[in-house]
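Below is one structure; the comments refer to it alone.
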Number of protein chains: 2
Amino acid sequence: MSNTKVLPLLEPDEVVAPCCPPLTERPMSAEEAETAAKMFKALGDPVRLRLFSAIASHEGGEACVCDISDVGVSQPTVSHHLKKLKEAGLLTSERRGTWVYYRVEPSVLAAMGALLTTAATAA
Amino acid sequence: MSNTKVLPLLEPDEVVAPCCPPLTERPMSAEEAETAAKMFKALGDPVRLRLFSAIASHEGGEACVCDISDVGVSQPTVSHHLKKLKEAGLLTSERRGTWVYYRVEPSVLAAMGALLTTAATAA
DNA sequence: GGAATAGTTCGACGTATGTCAACATAGATG
DNA sequence: CATCTATGTTGACATACGTCGAACTATTCC
């Protein structure tokens, strides 16, 4: 797997289920809300948001933990948050030698953005 | 959308700080993350997301509480969540006679959307 | 093998959160 | 004023969450 690529391009194996219809289209069902809320929740913590932003803004949309753990909390806490982001489907991780690299999952991000953008543009 | 006013004009009490640079541009500062996280957090609950979606998808982007309180939790809980969304700056409320109407705050929503969309599109 | 470095997992702690039932308030109506 | 309907507020409770230090795992290098 080539890792030098950048965010925008969605490869087949990165396809993510269309989590949710645009916010303004119709009231979300309980299931849709459950799914979408998980992603929003994952970004609903300042530390996680900083970690995510640090990774997303890093070269090639990926970064080693050592490059981003300067967010004011202990290292175990950083690890904990990265795990949460991973569980939410926003990040993937890969060990390369001594270091572990985290990458953003572009498709999910795009889905969330579309969800909000459509909501704001419509109406 | 037949509102008295539309997106662009921000009134003094509605002014929303340019909460955040695009996620991919550079690592967010602690303050930026703090601000942005609040909004994500507000949408990070399934019930709140459903309420918000119900309002956003309603005629003119506004709805009376009675129209949207069918989300499976008690009435006080609905009220509590609407308050949270309001505190997060995502909704505004107005009493008209017997009923209270909630409306979406388009500018904030647009900001959040841009933040994510840019992140997914940029690189 | 042993030591050093990079991350994760575990256990504990205080705080925040979602929920409800009960009570309170606002406006309409008799 | 009494009352009914529509919402908001309060107090209590169980659970979830963020955080840390200590212990554990993985990889490299001597």
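Both backbone and side-chain heavy atoms feed into the values below; hydrogens, waters and symmetry mates do not. The structure presented is a predicted model; accordingly, all values stated were derived computationally and were not measured. Per chain, numbering begins at 1; letters A, B, ... match sequence-line order.
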If each of A/His81 and A/Thr98 is mapped to the nucleotide of DNA chain D with the nearest heavy atom, which maps nearer the 5' terminus, i.e. the 5' end?
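Taking each residue's closest nucleotide, the earlier one in sequence belongs to A/His81.
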
Using whole Å, what does the distance between atom [atom2] of nucleotide [N] and atom [atom1] of [X] come to?
X	N	atom1	atom2	result
B/Arg96	C/dA26	CZ	C1'	16 Å
A/Tyr101	C/dA6	OH	P	12 Å
A/Glu94	C/dA6	CD	P	19 Å

Distances for protein N or O near nucleotides 8-14 of chain C N or O, under 3.5 Å:
| residue | atom | partner | partner atom | Å |
| --- | --- | --- | --- | --- |
| C/dT8 | OP1 | A/Tyr102 | OH | 2.6 |
| C/dT8 | OP2 | A/Ser79 | OG | 2.7 |
| C/dT8 | O5' | A/Ser79 | OG | 3.1 |

Return the set of residues passing side-chain hydrogen bond (donor to acceptor under 3.5 Å, both in side chains) with A/Glu59 (not counting sequence neighbours), or none when no residue passes.
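In terms of side-chain hydrogen bond (donor to acceptor under 3.5 Å, both in side chains), with neighbours along the sequence ignored, A/Glu59 is linked to no residue.
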
Would a single hydrophobic cluster contain both B/Leu23 and A/Ile68, if residues Ile, Leu, Val, Met, Phe, Trp and Tyr are joined by side-chain heavy-atom contacts under 4.5 Å?
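Linked within one cluster.
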
A/Val73-A/Tyr102 co-clustered via ILVMFWY side chain contacts under 4.5 Å
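Yes, it is one cluster - the side chains of A/Val73 and A/Tyr102 are joined through contacts under 4.5 Å.
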
So, B/Glu62 and B/Arg96, do they make that salt bridge, N to O below 4.0 Å?
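Salt bridge present between B/Glu62 and B/Arg96.
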
Carboxylate-amine/guanidinium contact B/Arg103 B/Glu105, below 4.0 Å:
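Answer for the salt bridge query: no.
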
Can any side-chain N or O of B/Glu25 pair as donor or acceptor with the backbone N or O of B/Pro22 at less than 3.5 Å?
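Not at all, since once roles are kept as given, no pair shorter than 3.5 Å links the two residues.
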
Check for a donor-acceptor pair, side chain of A/Ser53 on one end and backbone N or O of B/Arg26 on the other, with a separation under 3.5 Å.
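Yes; at least one donor-acceptor contact below 3.5 Å.
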
Using side chain to side chain contact (heavy atoms under 4.5 Å, CB included) as the criterion, point out the one residue from B/Leu49, B/Leu43, B/Val47 that pairs with B/Asp45.
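Per the side chain to side chain contact (heavy atoms under 4.5 Å, CB included) rule, the option paired with B/Asp45 is B/Val47, out of B/Leu49, B/Leu43, B/Val47.
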
Sort and list the pairs that fulfil disulfide bond (SG atoms under 2.5 Å apart) and have at least one residue in residues 60-117 of chain B, not counting sequence neighbours.
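Non-adjacent pairs meeting disulfide bond (SG atoms under 2.5 Å apart): B/Cys64-B/Cys66.
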
Students often get this wrong, so: under 4.0 angstrom with heavy atoms, is A/Lys84 touching a base, only sugar-phosphate, or nothing?
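Sugar-phosphate: the residue A/Lys84, judged by heavy atoms under 4.0 Å, touches backbone atoms but no base.
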
Using a heavy-atom cut-off of under 4.0 Å over every strand shown, decide if B/Lys41 touches base, sugar-phosphate, or nothing.
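It contacts sugar-phosphate atoms only.
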
All stems with DNA chain D, defined as three or more consecutive Watson-Crick or G-U pairs under 3.5 Å
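Result, WC/G-U stems under 3.5 Å: C:1-30 with D:1-30.
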
pair B/Leu91-B/Phe52: side-chain heavy atoms closer than 4.5 Å:
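Heavy-atom side-chain distance check passes, below 4.5 Å.
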
Start and end of chain A contact along DNA chain D [non-hydrogen atoms, under 4.0 Å]
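Listing 5' to 3', DNA chain D meets chain A from D/dC17 to D/dT28.
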
Using a 3.5 Å cut-off and no angle test, enumerate the donor-acceptor pairs between side-chain atoms of residues 77-87 of chain B and protein atoms at least two apart in sequence or in another chain.
| residue | atom | partner | partner atom | Å |
| --- | --- | --- | --- | --- |
| B/Thr77 | OG1 | B/Ser74 | OG | 3.0 |
| B/His81 | ND1 | B/Arg48 | NH1 | 3.1 |
| B/Lys86 | NZ | B/Ser93 | OG | 2.8 |

